[in-house]
There are 2 protein chains.
Amino acid sequence: MVPVTLDPPRRRLRATMLTSMSTSLHHRAVEHLGTRIVGGALPTGHVMLAEHLEDELNVSRSVVREAVRVLQSLGLVETIKRVGIRVLPAHRWNPFDPLVIRWRLAGEGRGAQLRSLAELRSAVEPVAAELAAGNAPESLRQELVGISLAMKEAGDAGDMPRFLDLDIRFHALVLSGSGNEMFANLIGQVTETLTGRTVHGLMPEHPQKQALQWHMDVAHAIDAGDGALARDAAAKIMRQTIAELSPSWDDQPRVFVPVSKN
Amino acid sequence: MVPVTLDPPRRRLRATMLTSMSTSLHHRAVEHLGTRIVGGALPTGHVMLAEHLEDELNVSRSVVREAVRVLQSLGLVETIKRVGIRVLPAHRWNPFDPLVIRWRLAGEGRGAQLRSLAELRSAVEPVAAELAAGNAPESLRQELVGISLAMKEAGDAGDMPRFLDLDIRFHALVLSGSGNEMFANLIGQVTETLTGRTVHGLMPEHPQKQALQWHMDVAHAIDAGDGALARDAAAKIMRQTIAELSPSWDDQPRVFVPVSKN
DNA sequence: GAGTTTTGATGTCAGCACACATCGGTGTCA
DNA sequence: TGACACCGATGTGTGCTGACATCAAAACTC
């Protein structure tokens, strides 16, 4: 439909795009370019022309420019006068941005991304538990104890869906209870790894008895205000988690970003 | 309609803007809005109109729109049809974005931001040292040993500027040597806290003898591939660092982000 | 009160003027 | 003749603007 004007100056036929509509053009453009860059379809150094992107995405210049500006702020591309839009090397990307993380998890960088997140968790959660023991509000401590008990119950009963829910909430509460905004911001990523682990069948059928105990240890230590104990118990959980997951990324090469001489 | 002339529809006089020019309008707009939001001048929930921003910044719609899109991707604002551009609460901001961090350090959130960064460092650096012991390339290990020795030299000699440079490079190498992209990405923030500590006179005149030894311990442990030793030595450095700095943020209230019920 | 219309803001488009790197041609000098 | 500096043409990002589309809040009608 909309054949109103035969072969208009631009042969772009926006009206015939029957898909989408759910999300804005801007959102789609960011998503399209982001996934292709992070996924590796557009290699480092690849140069695109804004006009070319207009045609490719069937959108106008404003949409392309706003999308490019966002990708620029994520460190995915840079714009150079008289040259075009250039894809930046991966070490320039902001590895903490939720969009970048999501795109990496969806593409070929999935293994390396999961490893990075797991290592970050293993670093942060023990410290978060320690801080929570010192700072968390009373209600949070009590909920934590309650959840750890419910986790044991669900674990012993083999109710894995319920266990997963509780597990997610447990770790979210620890991160939140630290009172550190950066730690709390990792809740989303942690949730992602926990669900991913279950979805991809990397979880044992029953949670380890030890792990259940460690979760209770963390909760009770936080409740009692014992930071060192909370930290050590959380560290044990993390060590076991890494041990469970590491086979899935053993083949991923590590990247060592050069440190500038200044 | 729209009486064409009559009292210039826009009294914007862009041409008279004799200042700036060094940076793009887009950059300035992002910076202006970002600092005012993060700095607290524009409170949570505050609603702006795009047109109003055009007048305020003396720029066109494209510049405002592109800037707003970037701020949106940082979680600082949301745009709502028929309402305007609304400032989001702080817990929606991306606390890992370099722009957000810089704006917080420049504004009233400085103390809380420094604490967050220090706690993040204290969590990450020991794990990074442990990973570096297992993964870092040979050349990096050797440079690390050399730097730790030079640090001791500069420290004993009381050459603080040189010590600061070496200190920064030392911690950057540890983070880089971990082979974890997220850790490596924290180099900039760590550098910021290290220089800030010196600039604000929070450093002792001579580095602690212990700290010098710990740095050497970390370097030698990484060089020898002893992860546990590297981790523990790095943890000691971090404990001392936190102890030195914590007085400067003791009065900052902690914020506990609520955890959604799902 | 429920449904409908109006209104006002963002979303999107396309054309223009400008700034400015890059490239290639031209001129000068050795 | 060859090397080098200059300079203008070209193309592309940057910025501005008017017009229209879209959509949700608010006002209105019944």
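The chains referred to below are lettered A, B, ... by the order of the sequence lines, with proteins before strands, and numbering in each begins at 1.
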| message | Please check this pair: side chain of R254(A) against backbone of S178(B), looking for a donor-acceptor N/O pair closer than 3.5 Å. | response | yes
| note | When every non-hydrogen atom of P98(B) is compared with those of N94(A), the smallest separation belongs to CD-ND2, 3.9 Å
| query | So, N135(A) side chain and L131(A) main chain: donor-acceptor pair closer than 3.5 Å or not? | reply | yes
| message | Whether T79(B) contacts dG11(C) is assessed here as follows: a side-chain N or O lying under 4.0 Å from the phosphate OP1 or OP2. Is that the case? | response | yes
| message | Could you tell me how far apart R28(A) (CZ) and dT12(C) (C1') are, to the nearest whole angstrom? | response | 13 Å
| field | Options dT22(D), dA14(C), dC16(D), nucleotide nearest the side-chain atoms of S62(A) | value | dA14(C)
| said: Rounding to an integer number of Å, can you tell me how far R86(A) CZ sits from dG13(D) C1'? | reply: 14 Å
| message | From CD of E78(A) over to P of dG13(D), roughly how many Å is that when rounded to an integer? | response | 13 Å
| query | Between dG18(D) atom C1' and E54(B) atom CD, what is the distance in whole Å? | reply | 12 Å
| task | Check the distance between dT10(C)'s C1' and H26(A)'s NE2 and give it to me in whole angstrom. | result | 13 Å
| request: Let me know the distance between CD of Q72(A) and P of dG13(D), rounded to the nearest Å. | output: 12 Å
| task | Among the candidates dG15(D), dT10(C), dC16(D), find the nucleotide nearest to the side-chain atoms of A50(B). | result | dT10(C)
| Can we say E143(B) and R169(B) salt-bridge, meaning some charged N sits less than 4.0 Å from an Asp/Glu carboxylate O? | yes
| request: Using heavy atoms to find the nearest nucleotide of DNA chain D for R82(A) and R65(A) separately, return the residue whose nucleotide is more 5′. | output: R82(A)
| Which comes earlier along DNA chain C counting from the 5' end, the contact point of K81(A) or that of H27(A), where each point is its nearest nucleotide? | H27(A)
| request: Could you say whether V83(B) or E66(A) is positioned toward the 5' end of DNA chain C, judged by the nucleotide with the nearest heavy atom to each? | output: V83(B)
| request: Determine: side-chain N/O of R61(A) to OP1/OP2 of dG15(D), distance under 4.0 Å, yes or no. | output: no
| field | Among dG15(D), dG11(C), dT14(D), the one nearest S60(B) by side-chain distance | value | dG15(D)
| request: Look at the side chain of R141(B) and the backbone N and O of A136(B), then say whether any donor-acceptor pair between them is shorter than 3.5 Å. | output: yes
| remark: Taken to the nearest whole Å, CG/L57(A) to P/dC13(C) is 10 Å
| Please give, in whole Å, the distance from dT14(D) P to E51(A) CD? | 15 Å
